[in-house]
Amino acid sequence: MPDPLGPLFDALESINSELTSFAARLARLEDSGAARGASKQGSSGEDGDDEGSRVPGAPVLWHKVPEEQREALWGEFTAWVIRMADLYELTTEQLPHACWWEHGGLVAELTALWTGWESAYNNEEDAAAGPYLWQDAWSRGVERIGRMWLGECTNGYHREKSRIVWGTDPSYRKKIIEAGPPGTAPGPTPKAA
């Protein structure tokens with residue numbers, strides 16, 4: 001009689017293999033970034049923030065990209081977004097042609113997909129399942145973009161979402177901090193049954 005848990009163990013073994021592969025890729029990526037940073041620091045006496053110091057696949061936080069690198073990196077990212085939009089035949093309901101770059105959350109989502117793509121497709125040593133997993137992330141990301149980040153911009157022009165900006169009122173944050181997590185605020189004690 002076949003073991004009913006056999007397929008489950010096979011799936012777990014496959015997942016473990018992929019995790020091991022990703023851990024090795026991450027270690028190589030971290031090592032190459034550290035080595036590159038050390039060699040730049042040693043040769044120039046600076047911290048290695050010149051234009052060539054970014055390792056493909058490394059995360060990008062746009063607000064932390066040095067100004068002298070931002071234009072080139074933004075141009076590279078923009079070219080990638082346009083290429084992907086054409087390759088995957090995205091509609092304006094999936095990615096608004098007129099204003100995608102004006103939506104911070106959308107740019108963050110696309111940036112994560114871009115760096116994931118670089119990691120999956122620029123690793124000649126161990127591609128493994130990276131490209132396939134990136135394809136899955138792409139389809140989930142495109143779905144999330146249409147559902148979460150867009151207001152009424154799918155009709156061909158930019159229109160701000162109707163919302164309250166949370167970070168503009170310091171008293172709002174103070175009120176939440178003072179309230180504490182649920183169940184910790186003083187109040188009536190529940191009666192025992």
Side-chain angles (χ1 to χ4, degrees), residues 18-19 21-23 25-34 36-37 40 47-168:
E18 287 183 32
L19 287 173
S21 173
F22 286 133
R25 290 174 60 202
L26 178 60
R28 282 194 303 277
L29 187 62
E30 289 171 341
D31 289 347
S32 69
R36 183 178 289 178
K40 290 184 185 302
D47 61 5
D49 278 343
D50 66 339
E51 191 171 3
S53 67
R54 181 179 168 272
V55 175
V60 173
L61 299 171
W62 290 108
H63 66 281
K64 290 188 175 184
V65 174
E67 197 166 328
E68 63 274 4
Q69 296 175 21
R70 193 172 300 130
E71 184 178 345
L73 194 58
W74 182 255
E76 186 180 335
F77 167 67
T78 300
W80 179 86
V81 171
I82 292 168
R83 189 170 59 248
M84 293 297 110
D86 287 343
L87 177 66
Y88 289 92
E89 301 175 2
L90 297 184
T91 66
T92 57
E93 287 79 23
Q94 295 169 305
L95 185 68
H97 181 267
C99 63
W100 63 266
W101 62 92
E102 294 186 57
H103 298 273
L106 175 52
V107 169
E109 181 88 40
L110 288 169
T111 301
L113 288 167
W114 173 49
T115 59
W117 180 86
E118 287 181 323
S119 179
Y121 286 96
N122 289 335
N123 186 351
E124 295 173 7
E125 293 177 21
D126 181 24
Y132 175 79
L133 294 172
W134 182 86
Q135 294 291 329
D136 185 56
W138 171 259
S139 70
R140 287 181 286 126
V142 169
E143 179 184 326
R144 203 169 27 247
I145 287 167
R147 187 178 68 240
M148 294 176 62
W149 304 125
L150 306 181
E152 297 180 22
C153 297
T154 60
N155 55 10
Y157 60 93
H158 180 67
R159 186 165 177 186
E160 292 291 329
K161 281 184 167 183
S162 174
R163 63 180 292 271
I164 296 171
V165 179
W166 292 32
T168 58

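Predicted model only: the values in this text are computed from it and were never measured.
For the atom pair CH2 (Trp100) and CG (Leu90), the distance works out to 11.5 Å, reported to the nearest 0.5 Å. Here the straight-line distance linking atom CG of Leu110 with atom CD1 of Ile145 works out to 4.0 Å at 0.5 Å rounding. The CH2 atom of Trp117 lies 5.5 Å from the CG atom of Asn122; values are rounded to the nearest 0.5 Å. Taken from OG in Ser119 to CH2 in Trp114, the straight-line distance is 13.0 Å, to the nearest 0.5 Å. Here Gln69 contributes atom CD and Lys64 contributes atom NZ; the two are 14.0 Å apart, rounded to the nearest 0.5 Å. Within the model, atoms CE of Met84 and CD1 of Ile82 stand 11.5 Å from one another, a figure rounded to the nearest 0.5 Å.
Taking both residues in full, the closest heavy atoms of Pro96 and Leu106 are given as CD-CD2, 4.1 Å, listed atom of the first, atom of the second, then distance. Considering all non-hydrogen atoms of both residues, Ala120 and Trp134 come closest at CB-CB, 3.9 Å. For the residue pair Leu95 and Ala85, the shortest heavy atom distance occurs at CD2-CB, 4.2 Å.
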Pair up each side-chain donor or acceptor in residues 74-81 with any protein partner under 3.5 Å, not counting sequence neighbours, and list the distances.
unit_1	atom_1	unit_2	atom_2	d
Trp74	NE1	Thr78	OG1	3.4
Thr78	OG1	Trp74	O	2.8

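Every residue two or more places apart in sequence or in another chain was checked for a ring-ring contact (aromatic ring centres under 6.0 Å, His included) with Tyr132, and none qualifies.
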Between Val60 and Arg54, is the side-chain contact (heavy atoms from CB on, under 4.5 Å) condition met? List the steps. CA-CA 9 Å; Val60 173; Arg54 181 179 168 272; 3.2 Å; yes
Is there a side-chain contact (heavy atoms from CB on, under 4.5 Å) between Gln135 and Tyr88 once you walk through the steps? CA-CA 11 Å; Gln135 294 291 329; Tyr88 289 92; 2.9 Å; yes
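Residue pairs meeting the salt bridge (charged side-chain N to carboxylate O under 4.0 Å, His left out) criterion with at least one member in residues 131-143, sequence neighbours excluded: Asp136-Arg140, Glu143-Arg147.
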